[in-house]
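Everything on this sheet refers to the single structure shown next.
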There are 4 protein chains.
Amino acid sequence: MFAFRLDSRSGVPTYLQLVKQVRRALLVGYLRPGDRLPTVREVAAALVVNPNTVVKAYRDLEHAGLVTARAGQGTFITGTLKPIPPPSYTRLSRSLHTWLRGARNAGLDAEQIGALVAAVIDDSEAEGGAA
Amino acid sequence: MFAFRLDSRSGVPTYLQLVKQVRRALLVGYLRPGDRLPTVREVAAALVVNPNTVVKAYRDLEHAGLVTARAGQGTFITGTLKPIPPPSYTRLSRSLHTWLRGARNAGLDAEQIGALVAAVIDDSEAEGGAA
Amino acid sequence: MFAFRLDSRSGVPTYLQLVKQVRRALLVGYLRPGDRLPTVREVAAALVVNPNTVVKAYRDLEHAGLVTARAGQGTFITGTLKPIPPPSYTRLSRSLHTWLRGARNAGLDAEQIGALVAAVIDDSEAEGGAA
Amino acid sequence: MFAFRLDSRSGVPTYLQLVKQVRRALLVGYLRPGDRLPTVREVAAALVVNPNTVVKAYRDLEHAGLVTARAGQGTFITGTLKPIPPPSYTRLSRSLHTWLRGARNAGLDAEQIGALVAAVIDDSEAEGGAA
DNA sequence: GTGGTCTAGACCACC
DNA sequence: GTGGTCTAGACCACG
């Protein structure tokens, strides 16, 4: 079953964090059409969050055509989002993991790693690297 | 002179984005004690944002002991944040850049790359990878 | 319910007066963890002050780890500040009250009393009286 | 020679702190008509403050009729402010000193003492104690 | 209804 | 000119 996580220090609204995690899972191939999301109540209980907040996230996703709620059955993935091809995913994820290990071996903590990653990505986007 | 950037789609409050960029610059060694940040009015004009929003960010940083505001003179870096050692920075940043190029050559767009990075980092943190 | 007071002639910014009153109430034992502060809107209405000014004060307190804001619920005391032991408080407060009565009986007005108190305290601090 | 002190953490504007100290010294009998205040330059140098700030304070005092600037000679006290009668002053100051010593012996630090004093004075003013 | 963010614009303190 | 405070009022996230 898909599990959500929250980072209360990020400043990102709770409902947006949920939305982003589903989108991310779709992109990465971890969720696929037909999969069932945990119920609003389950998520609310697990994250200690108001059910309305979860409802809002699910409604956002439904609005974007990514999920469909079926009364009495739950919420299901019914859309997709140009997922990363599994072979690329495997390869890139593996090499990124290696890079991460290197960073940790160099003594970097989570905050430093986050700063480095953000700096490099921002950087390369700034110079039109997305081309 | 230090320059800020905004991502309006991220959902992160403007002032927090500014705060994080300064912290990141400190971690990465791009800002150091004694450096002067752009004035409140300059930032507000450059980002087309209300001066109060910038004031809030600078105040947060001052609260954290990272900068000091001097009326009539500007806002200066006066604290530090366990910066990444430059050699590690150079090496890791270079290899991450290479990885990024590989991801782009595999046809991934910015959103897919973001999802992949987030997935890998979250993952490895979840399993106590920080050890 | 905790009540705030303002002294517009003091020259101390409104929001700082609020902050100091909460800190003082903590030191004196009048507020304790779990207590709820009046809502931003209540304070703003009672003091005829802009809500943002109150928000600023509460935010400062939160930053200092003394209170925690819970959206939809209010702002609660969640920290403490080395309170004065109640017995000492009772004894010292009582004798200071007596002193105050003496000063007033001698014909001193509020400004004179303030000057005297400030002079004596400053004085004794200057000579390292805190020892 | 009269000496000024600054408390940068109080939030009270610098120039107001200077004004208040002169008023206090007049009330307490520490300054009397004919006394000469330190020059603007001396104060500015001693407090590491911009001379304009001192000028503003002196102008405020002149405006209030308490001092007079004489070109080339300095600034002199030329007004008064219902001073505390010296006998009362001596007696009250002495007993307050005793109280202070008691508070410190009870282990209270400066912040706690300040809170206690403020609480007691506020309190008694609130109930019309100034009568 | 709670607190949080942002805008617009005035005024003050300090250099 | 700098940063700091305050007001007025809109909109959002959360319960």
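Note that the structure is a prediction, hence the values are computed from the model and not measured. Numbered from 1 within each chain, the chains take letters A, B, ... in sequence-line order. Values below: all heavy atoms of this structure, side chains included; hydrogens, waters and symmetry mates excluded.
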One thing to verify: whether R23(D) and E111(C) come together as a salt bridge, which I'm taking to mean a side-chain N less than 4.0 angstrom from a carboxylate O.
yes
How long is the span from the OG1 atom in T53(A) to the CG atom in L16(A), to the nearest 0.5 Å?
11.5 Å
Per atom distances to the T14(D) side chain, the nearest of dC14(F), dC14(E), dT5(E) is dC14(E)
In the structure I gave you, are the side-chain heavy atoms of H63(C) and D60(C) within less than 4.5 Å of one another anywhere?
no
Side-chain donor/acceptor of N52(B) to base of dG9(E), under 3.5 Å
yes
Between V12(A) and E62(B), the residue closer to the 5' end of DNA chain F by nearest nucleotide is E62(B)
What's Y15(D) touching, base or sugar-phosphate or nothing? Going by heavy atoms closer than 4.0 Å.
sugar-phosphate
Picking from dT7(F), dC14(E), dG4(E), which would you name as closest to the side chain of T53(D)?
dC14(E)
Contacting residues from residues 31-39 of chain C, given that a heavy atom lies under 4.0 angstrom of DNA chain F:
none
With rounding to the nearest 0.5 Å, note down the distance linking CG in L61(A) to OG1 in T68(A).
10.5 Å
Toward the 5' end of DNA chain E, by each residue's nearest nucleotide, P13(D) or T75(C)
T75(C)
Using heavy atoms and a sub-4.0 Å distance, could you list which residues of residues 42-51 of chain D are near DNA chain E? By number, please.
N50(D)
Looking across every strand, which nucleic acid part, if any, lies under 4.0 Å from R41(B) by heavy atom: base, sugar-phosphate, or nothing?
base
For the side chain of A69(B), counting heavy atoms from C-beta on, which of dG4(F), dT5(E), dA13(F) is nearest?
dG4(F)
Identified stems (criterion: three or more consecutive Watson-Crick or G-U pairs, under 3.5 Å), DNA chain F
E:1-14 with F:1-14
Where is the tightest heavy-atom contact between Q17(A) and R5(A), given as atom of each residue plus distance?
OE1-O, 4.2 Å
Let me spell it out: for each of Q73(B) and G72(C), pick the nucleotide of DNA chain E with the closest heavy atom. Which residue's pick is nearer the 5' end?
G72(C)
Nearest-0.5 Å distance that lies between atom CG in L66(C) and atom CD1 in I77(C):
7.0 Å
If you assign R59(B) and R70(C) each to the DNA chain F nucleotide with the nearest heavy atom, which residue ends up on the more 5' nucleotide?
R59(B)
